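This report refers to the structure that appears directly beneath it.
Bear in mind the structure is a predicted one, so any value in this text is a computation, not a measurement. Indexing begins at 1, ligand by ligand and atom by atom, following the structure's order.
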Amino acid sequence: MAILERHLLGVESMSPDEVFSILDLADSYASLNRDKVKHSNVLAGMTQINMFFENSTRTQSSFELAGKRLGADVMNMAVAKSSIAKGETLIDTALTLNAMRPDLIVVRHPSSGAVNLLSEKVNCSVVNAGDGRHEHPTQALLDALTIRRAKGRLARLSIAICGDIAHSRVARSNILLLGKLGNRIRLVGPRTLMPSGIDEFGVEVYDDLKTGIEGADVVMMLRLQNERMEGAFVPSVREYYHLYGLNAEKLQVAKSDAIVMHPGPMNRGVEIDGALADDISRSVIQDQVEMGVAVRMAVLDLLARNLGRDS
Ligand code: CP
């Protein structure tokens with residue numbers, strides 16, 4: 001069976017073998033990206049459209065770089081200046097772009113499920129760059145690659161995901177992906193920021209940060225996703241930082257070689273201390289950004305290999 005047969009909509013249905021194939025290819029792109037000449041022509045002649053209906057720094061720029069480094073013609077749709085502002089729907093917009101015969105469409109959308117819906121309406125491959133609080137598959141893949149490179153393995157690790165779990169598609173995709181690879185997943189945060197039905201995910205839940213990260217190999221911090229909250233979920237930012245913000249002192253209870261991760265964007269002094277985020281002896285945050293380009297190159301490459309197979 002081909003890897004990434006048609007679309008990349010989520011990690012939920014991915015097998016461990018499929019994950020490892022993507023990460024192995026991404027490792028080779030990480031090497032290419034450290035060369036002076038960072039170019040390949042595996043997407044030469046192909047067209048990639050990036051449609052971001054939500055703000056993005058890392059994901060949009062790395063998908064653009066990934067497509068360009070692989071030789072594709074990349075178009076970033078300026079959503080704010082598009083006819084969406086005149087009332088055109090997501091689906092009509094997608095059908096319009098589909099008629100221009102792109103090969104790959106990368107989509108971020110604030111509604112969970114919107115990217116899956118769009119994928120049913122177009123002829124090309126669709127990549128989910130984050131949909132609501134549902135999935136952010138390339139983030140989970142780049143996090144997995146960063147962990148594998150730092151720890152030398154991607155199983156039997158104790159991984160604490162801390163903060164606003166309820167509103168986070170990054171948390172959901174990481175729970176699914178890192179869980180299926182045989183890691184111990186702990187979720188840490190106030191009960192108000194835990195999703196309902198979390199017990200079905202096969203994870204451990206803690207509402208005390210130090211207890212939750214004790215002995216962890218990996219500590220992944222998440223920001224408060226205020227844009228997806230209706231009302232106040234924490235008493236104050238000051239109290240949140242006191243109880244759930246990670247700093248070097250609190251990190252001492254984790255393993256002595258534990259790594260600190262954050263998908264970004266980061267709110268220094270809210271979920272993480274700025275000095276810890278910048279301490280490259282513990283923080284792999286910049287490695288995550290670097291691996292983001294490599295993983296997205298691997299995903300685009302693998303999808304492109306299967307284009308036209310069944311048409
Ligand atoms: N991690 C992440 O998705 O960052 P952006 O919102 O900047 O793309």
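Ranking protein heavy atoms by distance to atom 7 (O) of ligand 1, first place goes to Thr57 N, 2.8 Å. Nearest protein neighbour of atom 2 (C) of ligand 1, counting heavy atoms only, is Thr59 OG1, 3.5 Å.
Residue-level proximity to ligand 1 for Gln139 is carried by the side chain, the only part with a heavy atom below 4.0 angstrom.
With ligand atoms numbered from 1 in the order given, ligand 1 contributes 1 (N), 2 (C), 4 (O) to contacts under 4.0 Å with heavy atoms of Gly264.
The two residues Tyr206 and Met194 have their closest heavy-atom pair at O-CE, 4.2 Å.
Residue contacts with ligand 1: Pro265 is placed with no nitrogen or oxygen under 3.5 Å of a nitrogen or oxygen of the ligand (distance criterion only).
With Glu54, Arg58, Arg108 as candidates, the residue nearest to atom 6 (O) of ligand 1 on a non-hydrogen basis is Arg108.
At a threshold of 4.5 Å between side-chain heavy atoms, the hydrophobic network of Ile, Leu, Val, Met, Phe, Trp and Tyr places Val299 and Leu43 in one connected group.
Between the CD1 atom in Ile159 and the CD1 atom in Ile175 there is a gap of 11.0 Å [rounded to 0.5 Å].
Judged by distance alone, the side chain of Asn41 and the main-chain N or O of Ala44 form no donor-acceptor pair under 3.5 Å.
Side-chain contact check for Leu70 versus Gln48: every heavy-atom pair is 4.5 Å or farther apart.
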